[in-house]
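For reference, the structure discussed in these notes is given below.
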Protein chains: 2
Amino acid sequence: MEHSSYDIARLASLIIEFYEKISSWEHATVKGSGLTPAQMHAIEIIGQEKSLRMKELAQKMGVTTGTLTVMVDKLEGLGHLERKPHEKDRRSFKVRLTSKGRRQFNKHRQFHLNLAQDIVADFSSADLKIFLAGLEKINSQF
Amino acid sequence: MEHSSYDIARLASLIIEFYEKISSWEHATVKGSGLTPAQMHAIEIIGQEKSLRMKELAQKMGVTTGTLTVMVDKLEGLGHLERKPHEKDRRSFKVRLTSKGRRQFNKHRQFHLNLAQDIVADFSSADLKIFLAGLEKINSQF
DNA sequence: GTATTTTGTTTGAATGTCAAGATATTTGAT
DNA sequence: ATCAAATATCTTGACATTCAAACAAAATAC
């Protein structure tokens with residue numbers, strides 16, 4: 001479907017605005033935790049996966065393993081996560097959250113849920129479902 | 001309106017996915033320009049404003065003026081923007097794009113428009129309008 | 001006219017980032 | 001079984017980003 005350039009420009013503009021607002025919100029929210037956004041991002045990904053290799057985590061985060069080594073060193077030092085030798089592959093480590101990291105993860109996820117709740121607070125149930133379907137379609141197209 | 005926790009969780013999850021996809025896309029897109037994401041972000045903001053003070057730019061970007069001094073030095077050295085003394089306030093500069101920076105800005109905006117076009121390519125016109133209205137409502141609530 | 005505030009810069013410290021190179025281990029080919 | 005290639009991680013060096021704190025110059029307030 002060929003859309004009007006006006007609608008497309010409006011969409012681009014709304015997406016940029018939305019993205020920037022999320023960025024600011026995330027930054028401000030993370031600040032209270034004493035972690036940096038990048039560190040929290042690592043915790044979010046590890047938290048969804050139980051445990052994963054350095055390499056896998058690097059790929060999911062879109063950084064090199066060299067970058068990740070330093071970041072995991074730091075988070076391990078802070079007690080949020082730990083490296084365990086891989087059972088099968090002696091080159092590799094499995095990274096996973098400690099209970100401290102798990103608490104941080106759960107707290108942050110709750111912030112996300114609260115935000116999600118707030119921003120659609122005045123949507124009707126039907127409108128929300130339509131919006132969810134739209135966003136899902138966009139994500140699948142991306 | 002009190003929504004189901006299932007819908008809220010789905011919304012939070014879709015937003016995170018959307019945000020990460022934009023991040024990756026932006027990062028990959030900017031890479032081809034030789035600039036860093038932060039530098040491109042500065043160009044995007046200046047480009048929308050014609051010219052603005054260091055302080056104003058810092059606020060819009062959510063960084064301190066100290067951070068900005070270094071970044072603007074760098075971008076000025078690359079020829080993308082320039083400082084002009086403020087007409088009224090001799091403490092201050094107005095930062096604006098050079099023609100080189102303007103070309104960079106236009107090119108990047110076109111990338112955004114192309115992306116916007118692509119991700120809603122298979123929306124009907126009516127669905128797009130509904131989605132736009134939803135996103136606008138969310139932005140205003142944020 | 002002096003005191004306060006504002007604007008921008010500088011500096012020092014921590015983090016994030018990559019590319020390139022080193023090491024250890026696994027996998028694949030013969 | 002051996003040797004080569006691929007893989008996983010770490011290390012290092014270079015640069016970018018970021019903030020806080022300290023500074024200088026100019027504007028504003030009283």
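Protein chains get the first letters and strands the later ones, always in sequence-line order, with residue 1 at the start of each. Keep in mind that the numbers below use all heavy atoms, side chains included, and drop hydrogens, waters and symmetry copies.
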Within this structure, what is the [atom1]-to-[atom2] distance between [X] and [N], rounded to whole angstrom?
X: A:Met71; N: C:dA14; atom1: CE; atom2: P; value: 17 Å
X: B:Asp89; N: C:dT5; atom1: CG; atom2: P; value: 17 Å
X: A:Glu87; N: C:dT25; atom1: CD; atom2: C1'; value: 16 Å
X: A:Lys74; N: C:dA13; atom1: NZ; atom2: C1'; value: 12 Å
X: A:Phe93; N: C:dA24; atom1: CZ; atom2: P; value: 13 Å
X: B:Lys88; N: C:dT7; atom1: NZ; atom2: P; value: 15 Å
X: B:His86; N: C:dG8; atom1: NE2; atom2: C1'; value: 13 Å
X: A:His41; N: C:dT17; atom1: NE2; atom2: C1'; value: 15 Å

Applying a 4.0 Å non-hydrogen cut-off, can you work out what A:Thr67 is touching in the nucleic acid: base, sugar-phosphate, or nothing?
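It contacts base atoms.
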Within 6.0 Å of NZ in B:Lys21, more than 12 heavy atoms from elsewhere:
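Yes, because the 6.0 Å sphere around NZ of B:Lys21 holds more than 12 heavy atoms from other groups.
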Might you confirm whether atom CZ of A:Phe142 has over 12 heavy atoms from other residues, nucleotides or ligands at distances under 6.0 Å?
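Yes, the 6.0 Å shell around CZ holds more than 12 heavy atoms from other groups.
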Does a side-chain N or O from [X] land closer than 4.0 Å to OP1 or OP2 of [N], or not?
X: B:Lys55; N: C:dT6; result: no
X: B:Thr65; N: C:dG8; result: no
X: B:Ser92; N: C:dG8; result: yes
X: B:Arg90; N: C:dT6; result: no

Look at the rings of B:His108 and B:Trp25 and say which category their plane angle falls in: under 30° parallel, 30 to 60° tilted, over 60° perpendicular.
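Tilted.
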I need the minimum non-hydrogen distance between B:Gln104 and B:Ser33, along with the two atoms involved.
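Looking at all heavy atoms of both residues, the closest pair is OE1-CB, 3.7 Å.
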Using every non-hydrogen atom in the two residues, find where A:Ala12 and B:His112 come nearest and quote the distance to one decimal.
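What the structure gives for the nearest pair is CB-O, 4.3 Å.
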Nearest nucleotide by nearest heavy atom, which residue falls closer to the 5' end of DNA chain D, B:Arg91 or B:Val70?
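Its nucleotide being nearer the 5' end, the pick is B:Val70.
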Which comes earlier along DNA chain D counting from the 5' end, the contact point of A:Leu68 or that of B:Met61, where each point is its nearest nucleotide?
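Nearer the 5' end of the strand: A:Leu68.
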Is any side-chain heavy atom of B:Glu49 closer than 4.5 Å to a side-chain heavy atom of B:Lys60?
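Yes; the side chains approach each other to less than 4.5 Å.
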Tell me, please, the opening and closing nucleotides of DNA chain D, 5' to 3', among those with an atom under 4.0 angstrom from a non-hydrogen atom of chain A.
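On DNA chain D, the outermost contacted nucleotides are D:dT7 to D:dT11.
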Testing the 3.5 Å rule here: is there a donor-acceptor pair between the side chains of A:Asn106 and A:Gln110?
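There is no such pair (donor and acceptor under 3.5 Å, judged by atom type) between the side chains of A:Asn106 and A:Gln110.
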